[in-house]
Amino acid sequence: MGFFPTPGTGGGFPGFPGGPGVPGGPGGFPGTPGGAPGGVQAPTAPPPQFVPQMQAATFAIDPGGIRRCLFRNTYIWLNNGEQFWFFPVFVGRNSVAGFRWFGFFWGYFGIDLNRIRSFTCF
């Protein structure tokens, strides 16, 4: 189970103009443990210890489709073969941002939607 922030008055993430406000509480900045723009904190627990089976890949990842995974453990498969656990906190028109699991810690991470082959969330 991850951390679910309390509603705040953030105006979105830098680099994502016009994005909706993101719930947040006290937080840090990229590069600090658990911190991200907008005061959103990384999950306080690691992701599940299994690798889910990849679902049928779609032609393109739609922002509306991945938006349902906000603040949920999400497994991502990239077009280049990389795969990892991710905890999205922001979905823009062309990108998604959140926390990527690096094996021992969560790190703030963003990626273009066109680089994602498939995803599933829990």
Side-chain angles (χ1 to χ4, degrees):
M1 200 48 74
F3 174 81
F4 294 92
T6 56
T9 58
F13 285 93
F16 296 98
V22 176
F29 296 95
T32 61
V40 178
Q41 293 291 306
T44 57
Q49 294 186 5
F50 64 93
V51 173
Q53 186 171 357
M54 184 170 60
Q55 305 298 314
T58 58
F59 181 70
I61 301 300
D62 180 74
I66 202 165
R67 190 169 284 119
R68 68 182 172 84
C69 294
L70 281 172
F71 302 102
R72 297 171 63 188
N73 285 316
T74 303
Y75 202 81
I76 302 276
W77 290 269
L78 299 182
N79 295 328
N80 69 1
E82 281 188 77
Q83 51 186 286
F84 50 86
W85 282 104
F86 185 63
F87 191 83
V89 298
F90 173 83
V91 177
R93 192 173 356 165
N94 301 311
S95 59
V96 61
F99 297 93
R100 177 177 173 170
W101 182 249
F102 287 98
F104 296 98
F105 64 93
W106 292 101
Y108 190 70
F109 181 80
I111 193 162
D112 289 343
L113 293 175
N114 63 7
R115 295 188 57 206
I116 298 174
R117 178 177 182 190
S118 185
F119 67 92
T120 188
C121 53
F122 298 88

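Residue pairs meeting the disulfide bond (SG atoms under 2.5 Å apart) criterion with at least one partner in residues 79-120, sequence neighbours excluded, are absent. Residue pairs meeting the disulfide bond (SG atoms under 2.5 Å apart) criterion with at least one member in residues 93-122, sequence neighbours excluded, are C69-C121. Residue pairs meeting the disulfide bond (SG atoms under 2.5 Å apart) criterion with at least one partner in residues 89-118, sequence neighbours excluded, are absent. Within the structure, salt bridge (charged side-chain N to carboxylate O under 4.0 Å, His left out) contacts touching residues 103-112 (residues at least two apart or in different chains) do not occur. Sorted by first and then second residue, the pairs that involve residues 77-86 and meet salt bridge (charged side-chain N to carboxylate O under 4.0 Å, His left out), not counting sequence neighbours, are E82-R100.
One distance of note links CD1 of I76 with CZ of F87; it measures 12.5 Å at 0.5 Å rounding. From N79, atom CG reaches atom CZ of R117 across 7.5 Å, with rounding to the nearest 0.5 Å. Taking OG of S95 as the start and CZ of F90 as the end, the distance is 6.0 Å to the nearest 0.5 Å. A distance of 4.5 Å separates CD1 of I111 from CG of L78, quoted to the nearest 0.5 Å. Interatomic distance, CG of L113 versus CG of N94, reported as 6.5 Å (0.5 Å rounding).
The minimum heavy-atom distance between A45 and W106, with the atom names listed, is O-NE1, 3.0 Å. When every heavy atom of R67 is checked against every heavy atom of V91, the shortest pair comes out as NH2-O, 3.7 Å. Taking both residues in full, the closest heavy atoms of R93 and P63 are given as O-CG, 3.2 Å, listed atom of the first, atom of the second, then distance.
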(request) Starting from the C-alpha separation in whole Å, work towards a yes-or-no answer on side-chain contact (heavy atoms from CB on, under 4.5 Å) for F119 and I61. (result) CA-CA 9 Å; F119 67 92; I61 301 300; 3.7 Å; yes

(request) May I have the step-by-step check of ring-ring contact (aromatic ring centres under 6.0 Å, His included) for Y108 and F99, ending in yes or no? (result) CA-CA 4 Å; Y108 190 70; F99 297 93; 5.7 Å; yes

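Relative orientation of the F84 and F86 rings is perpendicular, given thresholds of 30° and 60° on the angle between their planes.
Taking P48 as the reference, F50, N73, W85 meet the side chain to side chain contact (heavy atoms under 4.5 Å, CB included) condition, with sequence neighbours excluded.
When side chains are defined from C-beta on, F122 does not count as touching T74, because their heavy atoms never get closer than 4.5 Å.
A side-chain donor-acceptor contact under 3.5 Å links R72 to the backbone of R68.
Residues M54 and W101 are members of one and the same hydrophobic cluster, defined by side-chain heavy-atom contacts under 4.5 angstrom among Ile, Leu, Val, Met, Phe, Trp and Tyr.
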